[in-house]
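Input: a single structure, listed below in structure tokens.
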Amino acid sequence: MTLLNFSIYDFSALINSIDAWLVETFSPTLGHLIGLVLVGTCFLIFTALLGLSLVYIERKICAFFQQRLGPMRVGFWGTAQTVADIIKLLFKESLITKKSDKFLFNLAAFVIMMAPFIVLSAIPFAKGLQALDLNIGLFFIISVSSIGVTGILLAGWSSNNKYSLIGAMRSGAQIVSYELSVAISLMTIVILTGSLQLSEIIASQSDGWWIFKGNIPAIIAFGVYIIASTAETNRGPFDMAEAESEITAGFHTEYSGIKFAFFFLAEYVNFFIISAVGATVFFGGWMPLHIGDATFFNSAMDVIPPIVWFFGKIAVIMFFIMWFKWTFPRLRIDQLLTLEWKYLLPISIINLLLMSIVALKGWHF
Amino acid sequence: MITDKTVLGSETQEYFINMGPQHPSTHGVLRLLLTLDGEIIRKVEPHMGYIHRSIEKMCEKDSYQQIVHLTDRMDYLSCHINNEAVCLTVEQGLQLEIPERVKVIRTIISELTRLSSHQLWWGVMGMDLGAITTFLYGFRDREMITDIFEETCGARLTMNYNVPGGLMFDIHPNFQKRTKDFISYFKTKLPEYKELLTGNVIFEERTKGIGYISKEDVISYGVTGPSGRGSGFSCDIRKHHPYSAYDRVQFKEILYEDGDSYARYMVRMDEMVESMHIIEQLIDNIPEGDYKAKTKAVIKLPAGEYYKRVETARGELGVYIISDNKKSPYRVKFRSPGFSNLSALDTMARGCKIADLVAMMSTLDLVIPDIDR
């Protein structure tokens, strides 16, 4: 095994050499199995780190919006605060309410973590750094991410708490509605790419990102996507499912300790996923900023490694979503559903039609 | 009360839910027994008594100076005004002539208290609607007022600055300067409040036309203060029965006719401007003189009944004292604004959603210790 062909610009050589080494050292079957376990472990570590850092980042950003400093005591500038919080959650007693459905209650915490884990496997992090490059990649992401709502409904139902039930029902209505807009706004770009495969969607943006190339419909689609996906992840201003001032904490009211941490983590991983999908479809994923045939500019942009581009784009999208959350008041559940069914869905369907015309006439760049 | 009905072939049932006494948006230990049809509220029954400390009964054991301290713990956000109400009642009974200086200082601090109460209300209102940032903006500006209080009265929240006959001690030399600094600072910050919440589309959607209560209902429930004035009920005690220095200042009584959550919100927002206007008129004209009229060490009110009312940040506070010429009163009764305002909640909330109930409670600006006493 050689790590010499490692390059920050292209991970495929590295991945292939690890795979070859595993197959060579063990038997092909065992080698592939170990490979699978390795990838799974990588995702576990990645989600844990992601959760830790996102909680810290969100606390800091919200603090700065609110003219305060946020966590400052534990570690340099409070960097170890989330670690301390996790340790607290690990040691906390895991309470189960009386007369709750214990099996479903425990199951819900795992179901809710399952969806984001599976979806992560289809996300292209950098060139060659993608666990599953399915030819129906986008479709896979949209469909699998909706498993998450099952976890929320289970949690609300099994808690034996009316607040939880209200939260779960709100969340069910909300996620099922907003999935439509998310899917249709993503399909708007698929019309241009002609493929659902994420690697091809990224490759099609090698001469410019779709948000710039796709004319006006792409911009509308991105707007719809950001609103709808924020709602789909139950983040403010669409956080009715856990609206703490109305229904205490909604579906996870009765969860404590590590099970609560699972809900918390799932929310942040979902947040990462919607930003990642948005960045991939509209902003070229790991593809550096390219402008048509401007060779010099393009090669200058290529100097920045793709993984930096990818996480940079995600950071920008996340920042905007956090900005909404810490600025706007919360909508009411009927207003939320009105927004989806009366405004976003018609807009995105018409936009889809518009994009088809643009694509047929060749008005995009 | 529970009724069954059939929707789309399946039977549905109304259900109860206990909102409180431990709930983030009841702002204390208030329990609301909600009868819900899905998310729609059919009935609200407030249950009180979780923070009842028998303040009125305790007053019968205490001297008149000590009663003042207890009133801090009623509506703790307008504690100075509560203190003033008791002092005014006692002074009325003693027929004391209060120095002009005391009247002016009391008025200024009352208005500062009203401002700080409204700032906190604004922050909490935003938080109840899910905009947590407003809470910290409100507290940022409130901090300046509590600093002024700390310097002059020695306390930040329960100030105890009034005593029957005047003030505990004179104002701090920095008081005038810091108050003026605060007014000029807050004038630049009030537009920020409007930008963050008032003009927000979601906020308007959540409050306009929600929690309507008519002028007739407001009067029959005895809803006073900004909540009553949001329905067009002219009930400002400062205007109709001026006390302290309110007869010598110019200010508008804010009235909105709509009777919804937004109207009640706007009344308080405009009242903040009026409060600043009142302070500006008085701050440079504090008369010289004593900060306290001479009173006996043991105050004995002549036998009789005394009633005085003031306008707190939440509405009309009435203090009713029956005296039998002893050193402590025979009976004390507080007519607290929060109690009457809460009684209107059921009328407002029927047919609304749970989320609207939270917004409505916010616009009523409930302080639970004021309701229970």
Side-chain angles (χ1 to χ4, degrees), chain A residues 58-59 61-70 156 159-174 227 230-231 234-250 253 322-339 342-343, chain B residues 15-20 22-27 32 34-36 38-41 123-141 143 189 192 195-208 210 261 265 352-362:
Chain A
E58 171 136 47
R59 286 174 80 169
I61 286 179
C62 110
F64 292 140
F65 279 131
Q66 299 172 342
Q67 313 203 341
R68 58 196 175 89
L69 291 169
S159 290
N160 191 28
N161 178 329
K162 285 171 188 168
Y163 285 118
S164 300
L165 190 61
I166 295 174
M169 291 303 150
R170 281 183 177 189
S171 174
Q174 177 182 345
I227 296 171
T230 314
N234 283 330
R235 282 185 67 82
F238 309 106
D239 56 344
M240 283 76 221
E242 46 207 274
E244 74 287 336
S245 59
E246 296 154 24
I247 48 173
T248 59
T253 305
M322 284 180 189
W323 196 350
F324 301 152
K325 171 161 181 171
W326 297 108
T327 308
F328 291 133
R330 186 184 301 122
L331 275 94
R332 207 171 56 213
I333 182 70
D334 58 322
Q335 290 167 345
L336 180 88
L337 296 179
T338 311
L339 175 72
K342 285 193 180 160
Y343 301 99
Chain B
Y15 64 103
F16 287 124
I17 195 164
N18 271 311
M19 196 167 176
Q22 309 295 335
H23 190 279
S25 59
T26 51
H27 302 299
L32 298 174
L34 309 181
T35 308
L36 294 171
E39 282 230 16
I40 299 162
I41 291 165
V124 172
M125 168 109 198
M127 202 167 71
D128 282 344
L129 293 172
I132 299 158
T133 306
T134 59
F135 185 69
L136 289 129
Y137 274 58
F139 263 79
R140 173 196 66 193
D141 301 334
E143 196 64 19
K189 292 296 173 188
E192 224 172 57
E195 217 173 292
L196 198 56
L197 212 55
T198 315
N200 191 304
V201 186
I202 300 175
F203 177 76
E204 289 188 359
E205 282 285 316
R206 285 290 306 274
T207 49
K208 276 192 178 161
I210 304 295
S261 292
Y265 171 86
C352 290
K353 302 270 192 303
I354 299 177
D356 292 332
L357 178 74
V358 172
M360 268 172 244
M361 284 204 302
S362 247

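A note on names: the letters A, B, ... follow the listed sequences, proteins ahead of strands, and every chain is numbered from 1. Hydrogens, waters and symmetry mates play no part in the numbers below; they use all other heavy atoms, side chains included.
Without hydrogens or angle criteria, A:Lys162 side chain to B:Phe16 main chain gives a donor-acceptor distance under 3.5 Å. Remark: the backbone N or O of B:Glu205 is paired with a side-chain donor or acceptor of A:Gln335 at under 3.5 angstrom. Distance alone, capped at 3.5 Å, places no donor-acceptor pair between the B:Thr133 side chain and the A:Gln66 backbone.
For the atom pair CG of B:Leu197 and CZ of A:Phe328, the computed distance is 11.5 Å after rounding to the nearest 0.5 Å. Here B:Tyr15 contributes atom OH and A:Leu165 contributes atom CG; the two are 7.0 Å apart, rounded to the nearest 0.5 Å. Atom CG of B:Leu196 sits about 7.0 Å away from atom OG1 of A:Thr327, to the nearest 0.5 Å.
Only the side chain of B:Arg140 comes within contact range of chain A, judged by heavy atoms closer than 4.5 Å. Contacts of B:Asn200 with chain A are made by side-chain atoms alone, with heavy-atom separations under 4.5 Å and no backbone atom involved. Residue B:Met19 touches chain A through both its backbone and its side chain, counting heavy-atom pairs closer than 4.5 Å. Heavy atoms of A:Ile333 lying under 4.5 Å from chain B belong exclusively to its side chain. Interface residue B:Tyr137: only side-chain heavy atoms are found under 4.5 Å from chain A. Of the two parts of B:Ile210, only the side chain, counted from C-beta on, holds a non-hydrogen atom closer than 4.5 Å to a non-hydrogen atom of chain A.
Under the 4.5 Å side-chain criterion, counting only non-hydrogen atoms from C-beta, B:Asp356 is in contact with A:Arg332. Using a 4.5 Å heavy-atom threshold, the side chains of A:Arg330 and B:Ile202 count as separate.
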Trace of the side-chain contact (heavy atoms from CB on, under 4.5 Å) decision for B:His23 with A:Tyr163: CA-CA 11 Å; B:His23 190 279; A:Tyr163 285 118; 3.5 Å; yes
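Applying the 6.0 Å contact sphere to CZ of A:Phe64 captures more than 12 heavy atoms from other residues, nucleotides or ligands.
Per-residue heavy-atom pair counts under 4.5 Å with chain B were compared for A:Met169, A:Lys325, A:Arg68, and the maximum is reached by A:Arg68.
Look at A:Arg170 and B:Glu39 and you find a salt bridge, because one of the NZ, NE, NH1 or NH2 atoms lies within 4.0 Å of a carboxylate O, short of that distance.
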